[in-house]
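Note sheet for the following structure.
Letters go in sequence order (proteins before strands), and every chain restarts at 1.
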Amino acid sequence: MSTTTIEQAPAVALPPTSTFFQRFCRNRTAMVSAIILAIIVLAAIFAPYIAPHDPAKSSLRAILKPPGAVYWLGSDDLGRDVASRLIFASRLSLVASVQAVAIALVIGLPLGLIAGYVGGWIDTIISRFNDALMSFPALILAVVIVGLMGPSLSNAMTAIGLVYAPRIMRVVRGSTLSVREEVYIRAARAMGCGDIRIIALHVLPNVMGPLVVQATVLMGQALLAEAGLSFLGLGAQPPLASWGAMLGTAFPYMQQSPVPTIASGVVISVTVLCFNLIGDGIRDSVGRMRRAGD
Amino acid sequence: MTTPCLRVENLNVMYDVGKRKLHAAKDVSFEIAPGETLGLVGESGSGKSTAGLALLRLIEPSSGKIMLGDTNVATAGRRELQLLRKRMQMVFQDPYSSLNPSMTIEQLLTEPLIVHADMAASDRRAAVGKMLESVGLHAGYAARYPHEFSGGQRQRIAIARSMMLHPDLVVLDEPVSALDVSTQSQILKLLKNVQAASGTAFLLVAHDLAVVRLMSPRVAVMYLGEIVETGPSARVYDEPAHPYTAALISAVPFPDPVRQRSANRIILGGDLPSPLNPPSGCRFRTRCPFAMDICARAAPPTVQVEGGGVAACHLHTEGPKLGGRSLNAFMRERNIGAMEVTT
Amino acid sequence: MDPLLSLKDLTVQFPSTHGLLTVVDKVSFDVGRNEVVCVVGESGSGKSVTMQAAVGLVQTKGGRVTGGSVRFDGQELVGMKNRHLNRIRGNDIGFIFQEPMSSLNPAYTVGEQIAEVVRRHRGVSRAEAWKRAVEMLERVHIATAAARAHDYPHQFSGGMRQRVMIAMAIACDPKLLIADEPSTALDVTIQARILQLIKELQTASGMSVLFITHDLGVVAEIADRVVVMYGAQVVEEAGVDALFATPRHPYTTGLLRAMPQVALERGEDPVAIPGTVAQAHAWPAGCRFNPRCEFREDGPCTTGQVQLVRDDHGLVRCIRADALRTRLTQAVAA
């Protein structure tokens, strides 16, 4: 179609810069956190094969036993193996966190995209409502919602998800506002792309970075919130156990047998810490696509 | 005469700045024939980019007609506008920000086809490969991302994208000013080749008259929102009839030190006046080395210039009464060398 | 007499995902007293980094001077403690940057900012410093300087802001003014006045100017001597008249012939240099310009290192320089 010759162009494009994954792997703290988290997730998946005992089976002869060869982390007030219960509880805790964050995403992401992209009075309404929601303490709001819907882990996490939705929405709105001003969005409009297409294909991929960071950090917070609610008896109901519920049941016997309390607490803290550090790692690894040099 | 590809009549663009109105483009009118290039030249604040963006309704014009063929773009509804955009495309100044960093070259180039054309995926892929080669890039680059390319290569990709639908008109907004000098002329040459092959009309928005002179047979010069001179590029470049055009040309330093030392140059005083509060009469008068009393009182008349085109300047009807002659002759007569006005 | 500024084999490296990148490679040149030297090159040529490294400003960006020396007025600047460097920067060496917008602090009036520089380096009283600030604004032709000194940067236009930057740079009567693309972000009609102003100030004060630009037109306007950089190296150095009349390096002629004004003058299309600017992570073997050079000969140009050679004209880094002498001169002759 044209007389332009190919040899006029350079022989090779610039080499690809390092990918997100390469940069993340070079971040040692984030990598270690990711490995620990992976072990926890694997333990949750393969719980029946790993746990040394049946987590629900109580033994009257083994009430509040200290840690030993049979009961690695001791036993609780009903004579159940604490180690096995922790392993099984990880399933409930992780799934609960995922549920909360998923609900927050489902609500917050579209609202954030719409508020940021459309702007105007729609943005004003969504943002004011958001500000109002965010000015309530999260856990109190969740307690109220659980109070209305009845105590169950699923209800508790739905409540947490609702409470976290504004945070997702705020991050997405902020990024969308800046992406909206990019020349490539104008270029897409010049090309005749509709608004939905622009939001889905041009805006969304470019707000993913901050979004993933926020979602990861929220995973940790949801885990903490779940622990808090379950500790108060508003989350996981017996005989099911989550980490928070275990902490709650072990706490009264802290004097006689401190290990179950400490163990549950440590597991919760480590997991939350892992989520936060991974979030930091992702934040530091995204969006560095510039080349070095002059 | 054939119907022009684009006819712009009295285009006005106004922004609200607080309570005041900023008149970014004032009564801009021009025509572009099918397959022709028109240069639109000016400095920052001249309204040239605003006018270019308003043509595609990327900025809403306040009034005026934008006729693309028989359709008025200015009054087109939402749906109609989206269809019109198939016929008019844009290439932006900065190839680093005009390509979505999260899309591959193939995704970038197929997007116009997906939006506007009903095409099988394999046909789209073939079209992308062909287009990449026609802008001097290997078809194999389709899977790469924009950040793997240099500025010049990215601008090739942007040009390829604008040509995917074989539009009637492409607005080129400073297409080479962000590029290295050594690669600029590659892109200029490419644009010429693309146009020769496709018959697409270009509106070339640029600050560099030399670039426009090379690329387009006709040029319009803008200052503070208004067109002050139009005409054949060669005439405007060699024999400017408006003092601003003359100043713009002589301000560009020529890469020859011996000539630079001896050149007669107009060095403009002052800065661009605020477009919120433009000078009365002629908008250029505050910086014009030839300003007369009348320039503050009345807007300059539009005068036919010898050798083609028009200029809006009182010098042609008042004072020296140049009557459409070149300003160069006038400057030689007056023996005006390097002059300066400080305001 | 000793040159005012003397760079000798200055080398700067930056860490990157491709390992250590040499972005300034054994760059040597002098800036004499009362002389205007232009360093010209495209993006990635290392021209800006060279300037920043010379005055110890690359560390903040992760770069490191890994070799060579920079002597300024008899003192070695490489390895000098920041405390000492700070005494020289802004006092003996003034700076102007490309972006007049972000180089001024929006929170202070321009008068305060200029006076602050004067006070820091001269230790004079507030009143005296303010007087000096107004005097400097007058010297860069800001009308009603005494009143405008009380204005904030955003109340000035781009061209005026660049004048303010210049006023600040020369407030302490520096021996050397370093200007990094000071007119690139400005419109041509504004640029013409800024160049004129720099030239005027230089002539009046006798300071030296190190001017970094990518525009050969600007070079022709302002330079006494020119250093052409490509691929982190100096490829040619000559007096300004000699460089434009008889360029010795194919890159220099290539840059000239790529300029639209030159092409118009010659009545031909501008001749592009093919390919893209060489990048620090993949310097070609041999001459760094060879993949883009129309005069390349396989063998001598594509292997080994090409040395910078001095002749009657200046310095040139091209193995075929003698063979190409007439062809290159003809290539740019009108």
Part of [X] within contact of chain B (heavy atom distance under 4.5 Å):
{"X": "C:Arg292", "value": "side chain"}
{"X": "C:Val219", "value": "neither"}
{"X": "C:Leu256", "value": "side chain"}

TODO: Using non-hydrogen atoms and a 4.5 Å limit, figure out which bit of B:Asp256 sits close to chain C: side chain, backbone, both or neither.
DONE: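 It is the backbone, since no side chain atom gets that close.
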Choice from [options] maximising heavy atom contacts with chain C below 4.5 Å:
{"options": "B:Ala251, B:Ala210, B:Pro253, B:Ser182", "answer": "B:Ser182"}
{"options": "B:Ala247, B:Ala234, B:Ser44, B:Ser274", "answer": "B:Ser44"}
{"options": "B:Pro255, B:Gly152, B:Gly45", "answer": "B:Pro255"}

Is any side-chain heavy atom of [X] less than 4.5 Å from a side-chain heavy atom of [Y]?
{"X": "B:Val228", "Y": "B:Phe284", "answer": "no"}
{"X": "C:Met160", "Y": "C:Ile142", "answer": "yes"}
{"X": "B:Arg144", "Y": "B:His138", "answer": "no"}

Are [X] and [Y] close enough that a side-chain donor and a side-chain acceptor fall under 3.5 Å?
{"X": "B:Gln186", "Y": "B:Thr183", "value": "no"}
{"X": "B:Gln93", "Y": "B:Ser177", "value": "yes"}
{"X": "C:His141", "Y": "C:Gln196", "value": "no"}

- [ ] Return the option, out of C:Val188, C:Ile190, C:Thr189, with the maximum number of heavy-atom pairs under 4.5 Å with chain B.
- [x]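 When all of C:Val188, C:Ile190, C:Thr189 are compared, C:Thr189 has the most.
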- [ ] Among C:Asp215, C:Asp241, C:Val218, single out the residue with the greatest number of heavy-atom pairs under 4.5 Å to chain B.
- [x]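 Option with the greatest count: C:Asp241.
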- [ ] Answer yes or no on whether C:Arg288 is positioned over the face of C:Tyr230, meaning its NZ or CZ is under 6.0 Å from the six-membered ring centre and within 45° of the axis.
- [x]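 No - C:Arg288 does not lie over the ring of C:Tyr230 by the 6.0 Å and 45° rule.
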